[in-house]
Amino acid sequence: MITQFHYGTPVETFAVVEQVPLCDHEQLRHFTRKKGSPQSFSCQLGEDDIIYGLGETMRGINKRGARYISFNYDDPHHKDDMPSMYGAHNFFVVDGETAFGAFFDTPAKVVFDMDSRGDGVLSVSCESQDLRLYVVEGENAYDVVRQFLHVIGQSFLPPLWAFGYGQSRWGYKTERDVSRVIAKHEEKGIPLDYVCLDIDYMDRYIDFTINKRRFPDLAGYTAGLKEKGIHLVPIVDAGIKIEPGNRVYDEGVRSGFFCKNHEGTDFQAEVWPGMTHFPDFLREEVRTWFGEQYRIYTDCGLEGFWNDMNEPAIFSTEYRAKGTKPDVERGDPDQPERHIADFKDFFHRLDDGREKSNYEVHNLFGAMMTRASGEGLDRLLDKRYLLFSRSSYIGAHRYGGIWTGDNASTWEMLRQNVYHMPSLNMCGFLYTGADTGGFGGNSNRELLLRWLAVSVFTPLMRNHSAIFTKNQECYRFRQPEDFRTLVSLRYRLLPYLYSEFMKAALRRNMYIKPLAFDYPEDGKAREIEDQLMVGESVMIAPILEQGAKGRIVYLPEPMTEVRYGSDGFTCINVGAGERTVMAPLNQVVFYIRQGKLVPVGKPAANTAELDLLDVELLGTGSVYEQYVDDGSTKRCGLEHCVIRRREA
Ligand code: GLC
């Protein structure tokens with residue numbers, strides 16, 4: 001059961017799309033509200049209560065024992081004590097004797113103190129007086145999450161090719177660079193579906209331009225690659241370069257589409273192209289206009305995009321010189337050196353007529369950019385497209401996926417990738433993944449192989465790294481055939497992974513879950529954070545330690561242990577309980593639940609080659625409901641499911 005409570009005059013966030021009954025304040029259960037600035041909501045936790053949710057935040061799957069802040073920010077130092085990342089996902093579930101969830105629907109800053117003092121107090125402080133609070137009651141945590149996923153609406157459905165392997169790097173500049181990357185994958189037999197184009201494809205980093213010297217005929221090039229089954233995925237940043245003659249700039253200024261400064265003129269902030277204006281994405285007419293700009297890409301045959309720098313990231317502003325420390329909101333130990341002041345320096349005009357500083361509606365900026373692009377692409381294309389963004393807010397999951405930003409090539413970040421997946425799924429973000437191999441710092445053979453073994457199961461599987469770091473394309477390392485094996489596992493599993501993703505999205509369910517969601521009565525499963533359920537049949541137990549040759553795996557029930565290596569799949573049935581499993585770097589071990597099946601396909605060089613129906617069934621089950629479509633139709637529905645039976 002879901003109920004909502006209104007305080008003040010909430011800003012429209014578009015997060016919830018289904019009807020939810022509105023209650024009087026006196027009917028609020030679970031929380032005690034304290035008026036003031038900020039207003040706070042608190043409750044007492046039971047000794048063993050687990051707190052799930054909060055999407056893209058640091059630390060483990062159980063969020064208890066720390067403070068988290070929803071205030072979208074571009075900070076590559078993804079340490080456990082970092083209070084906020086790029087997204088604001090204000091939904092959590094308290095799971096104990098009873099289970100309830102809460103969604104604090106406000107685009108302003110929210111501080112979640114999840115029993116950081118160890119006195120059992122959970123408190124949520126909302127900076128704004130205007131908010132909607134949704135309270136969800138259910139049988140258990142999973143039930144609460146499913147009810148929540150129902151009211152926030154169906155997750156974005158990417159095309160099949162977006163589930164292929166993608167290669168990306170900040171530093172690919174020219175058509176030749178991209179062609180070389182593709183040729184190398186072909187040469188080493190490593191499957192590939194897309195290559196991302198980072199900011200260097202543009203003319204001086206100006207959005208909606210193409211550097212003609214580097215890509216003389218992008219349309220022709222794109223068409224040629226598509227014939228080989230390869231897509232290009234350009235980046236689009238939030239800021240529009242200030243440059244008279246830049247059509248998008250001229251139109252935006254003329255139409256009054258940019259955010260304003262204190263003086264009422266267009267606010268200026270420095271990002272990659274130099275000084276830019278920020279489109280006022282919170283207004284519908286601005287979103288429509290911005291979405292239309294993607295036509296220059298779709299006219300070239302492009303069908304996939306990543307939106308970036310949309311927290312928004314700011315290097316300097318007209319009020320703050322480059323290199324100077326931004327004004328620090330002193331006295332807030334959780335936000336040292338955050339650019340709080342910058343966000344108080346520009347303003348949005350909401351569709352309801354109110355004017356708000358970005359600081360007051362901050363967490364919606366990136367989400368509304370995603371919405372603008374998603375709605376635009378929907379109008380421009382008659383098929384599904386790939387779209388993922390760095391910044392987000394719940395609701396944006398209906399328009400695109402997200403990636404978890406500028407991580408680093410460390411084992412800690414690999415573990416974080418594992419923790420993020422279920423938490424993001426609880427908040428609607430099903431199409432997601434991390435920069436495989438790590439963005440900052442230098443990756444190495446072992447880390448990349450172990451990371452690929454995790455990414456095989458995440459919907460977005462993209463190897464991305466920063467300029468000035470060591471190149472980390474699979475073919476750069478010794479024995480590239482080991483990388484081929486791991487990436488090819490992804491393609492062999494796609495009949496299952498794609499099917500599970502599509503069914504989860506269409507049923508408003510999760511694709512990746514914590515073990516406890518499938519085994520709520522199993523005390524041990526409730527504690528485990530480094531094993532995950534992927535779809536209805538699979539459990540993964542990835543190796544996340546440097547130098548480890550194996551690990552201990554906990555099986556809540558008897559399962560089929562599947563090992564994939566250069567000679568394909570081998571299966572053995574194993575009993576419940578703890579088990580030590582060895583896995584060399586060039587093998588992946590995963591598990592199939594008792595009585596379940598996994599359809600696996602033939603090896604393929606990319607998804608265009610893949611036949612989703614030509615499968616063999618692994619596991620001890622007898623029936624599997626497989627979602628199959630042409631990979632691009634907009635008419636997706638459960639009627640696309642076929643029933644597969646294992647022959648006796
Ligand atoms: C940001 C993005 C990163 C990208 C870089 C250059 O740091 O998060 O993925 O490579 O900008 O565009």
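For ligands, and for the atoms within them, numbers begin at 1 and follow the listed sequence. Basis for what follows: all heavy atoms, side chains included, without hydrogens, waters or symmetry-related copies.
- Ranking the protein heavy atoms by distance from atom 12 (O) of ligand 1 puts D198 OD1, 2.5 Å first.
- For D308, a nitrogen or oxygen atom sits less than 3.5 Å from a nitrogen or oxygen atom of ligand 1, counting backbone and side chain alike.
- Between F388 and Y431, the angle of the ring planes lies from 30° to 60°, which puts this pair in the tilted group.
- Distance from atom 5 (C) of ligand 1 to its nearest protein heavy atom, with residue and atom name: W170 CE3, 3.8 Å.
- If you take CG on N72 and OG on S392, they are separated by 6.5 Å, rounding to the nearest 0.5 Å.
- The aromatic rings of H185 and Y165 are tilted relative to each other, their planes meeting at an angle between 30° and 60°.
- Protein heavy atom nearest atom 9 (O) of ligand 1, with residue, atom name and distance: H464 NE2, 2.9 Å.
- Taking 4.5 Å as the limit, every side-chain heavy atom of N363 sits out of range of all side-chain heavy atoms of T13.
- The pair R379-E292 fails the salt-bridge criterion, with no side-chain N (NZ, NE, NH1 or NH2) lying under 4.0 Å from an Asp/Glu carboxylate O.
- Here's the thing with D435: none of its N/O atoms is less than 3.5 angstrom from an N/O atom of ligand 1.
- Remark: ligand 1 and D406 share an N or O pair separated by less than 3.5 Å (distance only, no angle test).
- The R390 neighbourhood of ligand 1 comprises atoms 1 (C), 2 (C), 7 (O), 8 (O), with distances under 4.0 Å to a heavy atom of that residue.
- The shortest N or O to N or O distance between R462 and ligand 1 is not under 3.5 Å.
- Shown in contact with I199 at under 4.0 Å from a heavy atom are these atoms of ligand 1, numbered in order with element: 12 (O).
- Each of the atoms 12 (O) of ligand 1 lies under 4.0 Å from some heavy atom of I235.
- Among the candidates Y359, Y319, F278, the single residue satisfying the ring pair (Phe, Tyr, Trp, His ring centres under 6.0 Å) test with F346 is F278.
- The part of W306 lying near ligand 1 is the side chain, judged by heavy-atom distances below 4.0 Å.
- Using cut-offs of 30° and 60° on the angle between ring planes, the pair F439 and W170 is parallel.
- F457 is listed as a side-chain neighbour of L493, based on a closest heavy-atom distance under 4.5 Å.
- By the 3.5 Å distance cut-off applied to N or O atoms, W403 is not counted among the residues near ligand 1.
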